[in-house]
Protein chains: 2
Amino acid sequence: MKRATIKDVAEAAGVGVATVSRVLSGGSASPQTRERVLAVAAQLDYRPSALGRNLRQQRTGGMGLLLPDLTDSFYGQLAEGVLACARSAGEPVVIGSTADDPEQEAELIGMLLEQSVDRLIAVPCGDADTWRPALKAGMTVVFADRLPPEPDPGTPQPDPAGAAPESELEGALSGVSSAALSELMMLDGVGALPGARPAAPRPAVRPLDVPAVLTDDRSGIRTAVQYLRGLGHRRIAYLGGPGRERRVEAFRQAVGGVPDEELIVFSDGSRDSAYAAASGLFQTRPDLTALVAGGNMLGEAAVLAARELDLRVPRDLSVVMYDDVPWAELCSPPLTVIAQPARDMGYRAAELVLRAGSRRPRSVLLPTELVIRGSCGPRL
Amino acid sequence: MKRATIKDVAEAAGVGVATVSRVLSGGSASPQTRERVLAVAAQLDYRPSALGRNLRQQRTGGMGLLLPDLTDSFYGQLAEGVLACARSAGEPVVIGSTADDPEQEAELIGMLLEQSVDRLIAVPCGDADTWRPALKAGMTVVFADRLPPEPDPGTPQPDPAGAAPESELEGALSGVSSAALSELMMLDGVGALPGARPAAPRPAVRPLDVPAVLTDDRSGIRTAVQYLRGLGHRRIAYLGGPGRERRVEAFRQAVGGVPDEELIVFSDGSRDSAYAAASGLFQTRPDLTALVAGGNMLGEAAVLAARELDLRVPRDLSVVMYDDVPWAELCSPPLTVIAQPARDMGYRAAELVLRAGSRRPRSVLLPTELVIRGSCGPRL
DNA sequence: AACCATGATGGAATCGTTTCCATGAAGAGG
DNA sequence: CCTCTTCATGGAAACGATTCCATCATGGTT
């Protein structure tokens, strides 16, 4: 029992294939022809094959979606957002999980290229060189949640060059509706020309010119740090994951002065490594009183490690975690978190990638929210 | 800068396109030709387009994956398993999330059909009628985690007919390696012919003859209930989600006698509904002392509702939850769970769907494990 | 009445691949 | 030396859609 093709419909309706195609894709046709074709198509249960169409138009519909890890519920939510948007557009989504490994990422990009998937949403882990092939092949790429690491910091430009556009952005941010925010161009300080007019509309040249949907890490971290400082904490540690340079940088800035680098530790994407990093941190620096975890898996590890070492939260240790996840409320004490609109991020990214072509998509910066629960207390 | 086609390679290598195709897909060719073609292909950075291939072979490579909700980390893990297997086979995965809504499921199936995706892994929510079109179109379908609801129970056949194959299965289960288990044919009692030879190799006829990767719900639930009974609990409640008839049935069987139906409550897939169901249950039946939650979202809701009502776990209420999720350990007290090998399930399902065609895939039943933590205590 | 504009229509080309089939060469066996 | 087999090889036909282009009819304008 094979599927009916356009030819079958044409024959049954006594018209040419071209006419059928036109009718189905909204071209011009006489009312009676249109009706007859439609009737026959329905009767034969005809569905145009994406295969033929794709080959002819030299592109696969739909979009690719590359995430580090579907087990992480933040990415799960992001994916749900993407899927929701794709569904409403009737487009398929090809998914891949990279485990934060640039090699796997490159492989998956290759696979998508082979499939002629020409639209891609990605939480990137590889650097610009990983992504250039995709762009050169004409893919429309939208990054979500983070950007590829800068290939070469060059002159680090500690603050002044970076601070200018940032503060401008922050100004625009405060008190502005989320909707208006979305039209904002993302201006990242790093890589900006030192002498360039700071207020010029032209964005800073970055190695990769790819639109992105990000959250305002800088402000999220700053809020958290300020909150902790307000509670009297001075030795605040940061536990970071891969591909999160922006957050670390924001943390360094937020604590001000010369940061105590020993209080800033990293892990790769795995649970074990996160646990090891947290546990190591607590043991080498028992004097720390607060911790910012740069991701929900890191937060999980931190809580676990703290419990193992008999550190009571928040009495001995205050914890703020990035990402609001369902279990944050279940934890005891319930975790204070920096919430990101994960689902929205996915949805917006999908919108961006689908809209591309009509107008050049602009980047989107979404706000974060500090959700105060019970895991932070005053320094004793 | 367009991609090189097979024609370009053929011309550059001075051979016909047929030869190039043969070389690339491992057909016969003389060593020198093969080498030349390979060299030219590499030099031109040629990658065969999946579009042309798919059209020609009348099928899209890869597989579809339909899940209720990527936010649920059980399904996240399952998806990771599928992706891992697909990656090692170099196959793309088209994903869709159904929100446990048969209508959306049907829509997604239609979309996959349109894409000529002919292999599908699904956690089904629609009934047999939803799935028949896919099967009739020649799709290879493998169900994971659960089966479509039985269309019509007919004569319920309370125990005897169902018990025979089940106990046989259980016998095979105990003390048998997981590898051997995988070759086991899934025999579900419902629908079995009453008078048929019970030991016959021919499986029970079910409305849909689709291979599946399931966990042994019956034994999982039974273990949990026995554990709770051993702690002295007599009024044990069950909180169930959609598409989980097997677990409820298993629960009814495990508690034995005439079950107190008031202690068995359901919710749909949403968090709110789960919370409402749990809260309602606790308030109408304050005499219950233990609860089995048939899924991690249900467990989450139960813990939350219990806390809200000042029920202390495990002092006032013992809780066993289905699915081991990372946060179960973070909860306080850490949750005792029925762990399912979620990732394995996904991986096995993907294997099954990829292997199909060579040999008819058989269903797989994987064991569960009761992981005892701190959420169950003796009845006081 | 001749001409042009408009619009519906179908034939055929096209996309990139696989695969069938015919051709030709070369080697083996009589 | 002829023939039969084997094998590498390339041309061409699919696959199912879209879309260009030519054709034809119709109706309006000069």
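None of these values were measured; they are calculated from a predicted model.
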Nearest-angstrom distance from the residue atom [atom1] of [X] to [atom2] of [N]:
| X | N | atom1 | atom2 | value |
| --- | --- | --- | --- | --- |
| Leu55(A) | dT18(C) | CG | P | 12 Å |
| Gln58(A) | dG16(D) | CD | P | 18 Å |
| Gln115(A) | dT17(C) | CD | P | 13 Å |

How would you list, by chain and number, every residue that makes a side chain to side chain donor-acceptor pair (under 3.5 Å) with Arg59(B), sequence neighbours excluded?
->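 If we apply the side chain to side chain donor-acceptor pair (under 3.5 Å) test to Arg59(B), skipping adjacent residues, there are no hits.
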Between the two ends of the helix from dA1(C)-dT30(D) to dG30(C)-dC1(D), what is the bend in degrees, rounded to 10 degrees, where each end axis spans five pairs?
->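 The two end axes of the helix from dA1(C)-dT30(D) to dG30(C)-dC1(D) meet at 60°.
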Neighbour count above 12 (heavy atom, 6.0 Å) for Gln57(A) CD =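 Above 12, so yes.
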Which atoms of nucleotides 19-23 of chain D (N or O only) lie under 3.5 Å from a protein N or O atom, and what are those distances?
residue, atom, partner, partner atom, Å
dT19(D), O4', Arg56(A), NH1, 3.4

Salt bridge (Lys or Arg N to Asp or Glu O under 4.0 Å) contacts in which one or both residues fall within [range], not counting sequence neighbours:
| range | result |
| --- | --- |
| residues 93-102 of chain A | Asp100(A)-Arg146(A) |
| residues 11-21 of chain A | none |
| residues 83-94 of chain A | Glu91(A)-Arg119(A) |

Please write out each protein N/O paired with an N/O of nucleotides 4-8 of chain D under 3.5 Å, distance rounded to 0.1 Å.
residue, atom, partner, partner atom, Å
dA8(D), OP2, Ser28(B), OG, 3.0

Please confirm whether the backbone N or O of Pro211(B) pairs with a side-chain atom of Ser363(B), one donor and one acceptor, at under 3.5 Å?
->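 Side chain of Ser363(B) to backbone of Pro211(B), a donor-acceptor pair under 3.5 Å: no, none is there.
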Short question: side chain of Thr130(B), backbone of Pro102(B) - any donor-acceptor pair under 3.5 Å?
->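 Side chain of Thr130(B) to backbone of Pro102(B), a donor-acceptor pair under 3.5 Å: no, none is there.
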Could you tabulate the donor-acceptor pairs under 3.5 Å formed by side-chain atoms of residues 42-56 of chain A, not counting sequence neighbours?
residue, atom, partner, partner atom, Å
Arg47(A), NH2, Glu114(B), OE1, 2.9
Ser49(A), OG, Leu51(A), N, 3.0
Asn54(A), ND2, Ala50(A), O, 3.1

Going by heavy atoms in the side chains, are [X] and [Y] under 4.5 Å from each other?
| X | Y | value |
| --- | --- | --- |
| Arg132(A) | Asp129(A) | yes |
| Leu112(A) | Leu66(A) | yes |
| Leu366(B) | Met345(B) | yes |
| Val213(A) | Leu352(A) | yes |

Which residues within residues 34-54 of chain A lie with some heavy atom under 4.0 Å of an atom in DNA chain C?
->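 Contacting residues: none.
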What side-chain donor-acceptor pairs closer than 3.5 Å can you find for residues 75-86 of chain A, not counting sequence neighbours?
residue, atom, partner, partner atom, Å
Tyr75(A), OH, Asp145(A), OD2, 3.3
Tyr75(A), OH, Arg244(A), NH2, 2.9
Glu80(A), OE1, Ser97(B), OG, 3.1
Glu80(A), OE2, Leu70(B), N, 2.7
Glu80(A), OE2, Ser97(B), OG, 3.1

Distance-only donor-acceptor hits, side chain of residues 12-23 of chain B, under 3.5 Å, sequence neighbours excluded:
none

DNA chain D contacts made by residues 5-14 of chain B, counting heavy atoms under 4.0 Å =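 When residues 5-14 of chain B is checked for heavy atoms under 4.0 Å from DNA chain D, the hits, listed by number, are Gly14(B).
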Interatomic distance, Trp131(B) atom CH2 to Leu120(B) atom CG [nearest 0.5 angstrom] |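 CG of Leu120(B) is found 4.5 Å from CH2 of Trp131(B).
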